[in-house]
Every structure is written in C-alpha cells, then in structure tokens.
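Okay, so here's the structure we're looking at.
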Amino acid sequence: MERTLVKDALNATAPMDAIFLQGWVRTRRDAKAFSFLEVNDGSSLRGIQVIADAGLPDYAHIQRAHTGASIEVRGKLVASKGQGQQWEVVAESFVVLGEADATYPLQKKGHTLEFLREIAHLRPRSNLFGAVFRVRSRLAFAIHEFFQRRNFIYVHTPIITASDCEGAGELFRVTTLDSSHPPMTEQGDVDFKKDFFGKRAYLTVSGQLEAETFACALSNVYTFGPTFRAENSNTSRHAAEFWMIEPEMAFCELEGNMALAEEFVKHLIRDAREHCTADLEFFSKFVDKELLTRLDFVLERPFQRCSYTDAIAILEQSGRKWEHPVQWGDNMQSEHERFLAEEHFKCPVTVYNYPRTLKPFYMRVNDDGKTVRAMDLLVPGIGEIIGGSQREERLEVLREAMAQHQLSEKEYWWYLDLRRYGSVPHAGFGLGFERMLMFVTGVGNIRDVIPFARTPGAAEF
RNA sequence: UGCCCGGUAGCUCAGUGGCAGAGCAGGUGACUGUUAAUCACUUGGUCGCUGGUUCAAUCCCAGCCCGGGCAGCCA
C-alpha cells in the first residue's frame, strides 16, 4: 500500500478504509483499553492522532513507541470522536521501526533555542524547526518563481574565486598547500604559484562581478547560492556561510533596481503568507506575537524611499541622543537604521545615494561627484536586508575609482572589458536569504534559520 | 574583536559558606476518548574546568573553557 503523508491525511475530504502512515511519535497517552499517539512526518506542522486498541495483536509494540520512535501504522482514517481534530487513524497493525529510549533529547515540553542548536541533527523534528525549514524550502522555490516569471536567467557563479569583490569582507582561503611546509619563493614568501589554482583562491563573498558579466549578455540574470565571510562577527544576524540572492539587470538604473528589490521582498512575504499559513500562524503564536500584523502591514503599504542626505537630516532633527554621532559622510550605525525603519517610517525603507567614500569602487558616481547610486533596504527588527547599486558603466570613471581604491587593473581586466565592449547602464542587489527568513518567520537568530549554522568557532555537524 | 550576562539532574530552572531542590522527561501502578492528558509512588547530580581563600566552597576570588546578548564588519 502506498504511504499517505500526514498532511494529506489531515486534509482528507472523506474517510478511508485503508491508510498507511510512516512517521515519528511526538507523544503517547495511554489509557487502560487503548493508546493515543500523535504521529508527525514533517509534511505539516500538525501531526495526526492514531488510536490503538489494547486488543490489537501488535499492542505490545506500542509500549516501545516512546516520543521520538519511528513507526508504521496501517488502519482506517475515520472522523475523530474526540475534540481537537477532524480525522484520526484507527490502527489495525503497528510496527516500531526504530525505538527512541529515555536518552532522546527532544521532549514534549519546550526547549531553549540554545539547547536545540546543540542538537542541530535532531531539531528539525521539533515544531519550530520543522516549520522554519518548510518555510525556507518554500521561499527558495518562490525566489526562482519570481525571477523565472520575469525572464531572469539563473546563473551559477563560482564558489571558488580569485577575485575578492573588494569591500564585501574577509575571505576564507582555499588551498591545497601543506600549511606546515608550504613551498617558498626565493624571497621567502609562500609560493602560491605552486598552489592548486596557481594563484591565491578564496571562497566567494559575492557573485556580483561574475553576474555582471552575464547580465551584459543575457540582460536579466540572478544568482542564488552560498557565500562566505571570514569576519569574526558574533551577532544574531551574521553567519560565516549564508545564502544570497543577487539579481543583476542590464539597461537598468537605480530606480528600476529599487523597484525590483521592493517587489521582490513583497513577493516573498506574500508567497509565505499564502503557502505556509499554518507555519506562520505558529510563529505568530510562539515566536513573535506581532509577526502576522507586521507582515500584512508591509504587504499593504508602499515601501518608503529616502536619500542618504535626507536620512541624515531626519536623524539630526530627531532630537535623539545617539551613541554614535550623526554626520554626513559617516556610515549609518545600527541604532540609526533601526530608528528609520522602526520609529520614523515604521515600515521598510530604502536609503539611496550614499557618500562615495563609504562604498566600493564599482558603484555609479552621481553628477554631484560626492555620492554614488547605492541603495540599502532596511526592515524593522533586522536592519539591512538588501544592499545594492547601479554599477559604474563608464570605463574612465571606473578606472579612476579603482585607482582611488588602490586596485590593480590587471586583476580586474575582465571586469573592465565589460565597459570596453558594449557597456550599458546596469544595476543589481544582494538579498541575504537568512535575513529574509528571519523577517518572515520572526525568528531572532540567524543560527536558527540555517540547517547547520557556521559561525566563528562553530562548525559541528 | 570589545563590553555585558549566564553555566546546578536528560530538559527548564530555583537555591545555599555547613546532608543538593522543584516541574517536566524516564520507571512502576491507577485511569471512563486523551489533546504538553491526569493522579500516586519512584530512579536520577564531578553544582563547566583548574587553582586559591577557608575548619569547611556548588556558593567567595583568579584564570581558563563553553553558551548567549549588544556593538563593530555586512547580507
């Protein structure tokens, strides 16, 4: 007999004379004449209730079905006589495939997120993490759907790279050299010419530069893959390995870039609202009471836009005492970004046209010569979720910017070629997938929206 | 990396310079269709590690390890 997923059994429209379920026991309640089991197979937040009569030939097995055990049940799907569920399964035969003894760490009662992180191999069996990773899967799908519908081409940019996408952060080195006895040059330096790639190589911090090359051929492209930062960041919003979505559009300027970013964020929220209803309701009940209200509010309202210069004026005139001073030309600090999104605009806000000195070399210089066409999308509760810009398409201006950043034109020869041959205005951005998940689920720590988090000092599993 | 908070039973936590505590989980029994079932009884401890102060340290002090929060870096 074919297996029925719990999700489908719960959504049944009629009783079934024969049903075959496989899953894990969440809880068992015994009475004298029968036992109730809640069985979950990960297909939905809810489990299904199984009732097993003490007269069953297999009833002895049921005593071995503790919380965490894997089981198979054959029986009938019937309308439940009890409150709290529409359907239940009356067991006719019952097999415990894998027992879970008293050392099974997941209990029916609540656990702290910190404890569950230490058992990251088991935490998907909990309600919260089952829900988080179902939403993660759904949003990954929604990302492809959003871009494919708009005729964006999916590009797989390399994970190992020799370019460092200047400004994006510290890099992890990729090498096959023997760290205790590396080959040396005559000058006494490590000889990377003898390394696997014949030069220094790293894990990518961004696929942007490579995506630009494809945008300047296929018009609209996007990447979606893992990226790596070797920053010693210890916050709830940073991980050493995370997934990023990076669209890049030819024949597009800052305005179109901001519009796409805003539509994109709304699309993902709308998709989760529609396709992960039960999971989002669970988060709203147990993780963040304001979640659904906030998501719906964000869907309804247009995002705000505000130039960096105006943002600085708002901060200066706020009457607030800032821990970090507010001054045109300085980076906005967390407290400033939070104030804008959470208190001043009270909704997601796109800040654009940042001072040139704060941003990487590749951003399009404005006519004022002082600012570049950069944009950051700030959301309440998290801060920066998207960073992007229109790219500098003018060869001479780009070369000048590289000189100012002391970058070698030799290293970026292929990037400069894009401006030598058929250059066009183009723009793109990066969305941190995990930060988006934090926003959609209300989960407050990035470690809890990644299956196996990689943070400084932590690479278990 | 800096500042701050924490580490006591499998889990969540209370507690004290002088015999180590509760709830849940586990075990045994009861039970009428239960919903984190309920009721009774019950097993369970290197009080993070090392050193110091003390007659005596889980408690006070120092160092270290681990976890978390915030900040910086950014997505």
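A note on names: the letters A, B, ... follow the listed sequences, proteins ahead of strands, and every chain is numbered from 1.
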Can you tell me the Watson-Crick or wobble partner of C41(B), both distances under 3.5 angstrom?
-> G27(B)

Across all strands shown, which nucleotide pairs with A20(B) by Watson-Crick or G-U wobble geometry, both distances under 3.5 Å?
-> none

Take atom P in G48(B) and the same atom in U16(B), then report the distance between them in whole Å.
-> 15 Å

Nearest to the side chain of Thr112(A) - C13(B), C70(B), A75(B)?
-> C13(B)

Contact under 4.0 Å: Arg117(A) side-chain N or O vs G68(B) OP1/OP2 | yes

Syn-anti status, with the boundary at 90° from 0, for the nucleotide C19(B) = syn

Take the protein atom CZ of Arg64(A) and the nucleotide atom C1' of G26(B), then report the distance between them rounded to whole Å.
-> 17 Å

Phosphate oxygens OP1/OP2 of U34(B): is one of them under 4.0 Å from a side-chain N or O of Arg29(A)?
-> no

Per Asn232(A) side chain, nearest of listed nucleotides C11(B), U1(B), G72(B) | U1(B)

Across all strands, who's sitting opposite A36(B) as a Watson-Crick or G-U wobble pair, both distances under 3.5 Å?
-> none

Rounding to a whole Å, what distance do you find between Phe34(A):CZ and A37(B):P?
-> 15 Å

Side chain Thr235(A) and base C70(B) donor-acceptor under 3.5 Å | no

Phe242(A) stacking on A75(B): centroids under 5.5 Å, ring planes under 30°?
-> yes

Do NZ/NE/NH1/NH2 and the carboxylate oxygens of Asp271(A) and Lys266(A) come within less than 4.0 Å?
-> no

Separation between the P atoms of A14(B) and G26(B), rounded to whole Å | 24 Å

Side-chain atoms of Ser334(A) come closest, of A75(B), A71(B), U12(B), to A71(B)

What integer number of Å spans the C1' atoms of C60(B) and A22(B)?
-> 26 Å

With respect to the side chain of Ile51(A), which nucleotide from G68(B), G27(B), G33(B) is positioned closest?
-> G33(B)

So, are Arg320(A) and Glu343(A) salt-bridged, with charged N and O less than 4.0 Å apart?
-> yes

Salt-bridge present (Glu88(A), Lys81(A); N to O < 4.0 Å) = no

Among the candidates G33(B), C73(B), C74(B), find the nucleotide nearest to the side-chain atoms of Arg229(A).
-> C74(B)

C74(B) base / Arg435(A) side chain donor-acceptor hit below 3.5 Å = yes

Just to confirm, is there a sub-4.0 Å distance from OP1 or OP2 of U35(B) to any side-chain nitrogen or oxygen of Gln85(A)?
-> no

Taking the six-membered ring for Trp, are Phe224(A) and Tyr222(A) ring centroids under 6.0 Å apart?
-> no

Is there a donor and acceptor pair, one atom on the side chain of Asn234(A) and one on the base of U1(B), closer than 3.5 Å?
-> yes

Charged N to carboxylate O below 4.0 Å: is that the case for Glu170(A) and Arg229(A)?
-> no

Whole-Å distance, Tyr104(A) OH to G27(B) P, equals 15 Å

Ring-ring centroid check His121(A) Phe452(A), cutoff 6.0 Å = no

Phosphate contact (A37(B) OP1 or OP2) by Thr27(A) side-chain N/O below 4.0 Å | yes

Checking N1-N3 plus N6-O4 or O6-N4 for Watson-Crick, or N1-O2 and O6-N3 for wobble, each under 3.5 Å, the partner of U54(B) is none

Of U32(B), G67(B), G68(B), the nucleotide closest to the side chain of Lys32(A) is U32(B)

Under 4.0 Å: is that the gap between some side-chain N or O of Arg447(A) and OP1 or OP2 of G67(B)?
-> no

N/O (side chain, Arg28(A)) to phosphate O (OP1/OP2, A37(B)) under 4.0 Å | no

Gap between atoms CZ and C1', on Phe36(A) and A36(B) respectively (whole Å) = 15 Å

Do Glu114(A) side-chain and G6(B) base share a donor-acceptor contact under 3.5 Å?
-> no

Donor-acceptor pair (no angle test) under 3.5 Å: Gln83(A) side chain, U35(B) base = no

Give a yes or no on this: more than 12 heavy atoms of other residues, nucleotides or ligands lie within 6.0 Å of atom CZ of Phe94(A).
-> yes

Salt bridge flag under 4.0 Å for residues Asp17(A) and Lys76(A) = no

Expressed in whole Å, how much space separates the C1' atoms belonging to G51(B) and C65(B)?
-> 14 Å

Please tell me which of Pro105(A) and Lys81(A) maps to the more 5' nucleotide of RNA chain B, matching each residue to the nucleotide holding its nearest heavy atom.
-> Pro105(A)

How far, in whole Å, is U8(B) from C70(B) if one measures between their C1' atoms?
-> 27 Å

Quickly work out the Phe429(A) CZ to A75(B) C1' distance and round it to whole Å.
-> 12 Å

Roughly how many Å is it from CZ in Arg125(A) to P in A36(B), rounded to a whole number?
-> 21 Å

For C74(B), the nucleotide meeting Watson-Crick or G-U wobble distances (both under 3.5 Å) is none

Value in whole Å for how far the P atom of G33(B) lies from CH2 of Trp87(A) = 22 Å

With both distances under 3.5 angstrom, what nucleotide forms a Watson-Crick or G-U wobble pair with G67(B)?
-> C5(B)

Side chain of His238(A): nearest nucleotide among C73(B), A71(B), G33(B)?
-> C73(B)

Span that lies between the P atom of U42(B) and that of G23(B), in whole angstrom = 11 Å

Of Thr103(A) and Gly84(A), the one whose nearest nucleotide on RNA chain B sits closer to the 5' end is Thr103(A)

The side chain of Phe115(A) lies closest to which of these nucleotides: C11(B), U35(B), A71(B)?
-> C11(B)

Determine the interatomic distance between P on C59(B) and the same-named atom on G52(B); round to the nearest Å.
-> 14 Å

Among U35(B), C11(B), G26(B), the one nearest any side-chain atom of His66(A) is G26(B)

Distance, P atom - from A57(B) to U53(B), rounded to whole angstrom | 11 Å

Arg294(A)/Asp288(A) salt bridge by N-O under 4.0 Å criterion | yes

Taking the side chain of His111(A) as its heavy atoms from C-beta onward, which of U34(B), C11(B), G72(B) lies nearest to it?
-> C11(B)

Can you tell me the distance, in whole Å, between the CD1 atom of Ile450(A) and the C1' atom of A75(B)?
-> 11 Å

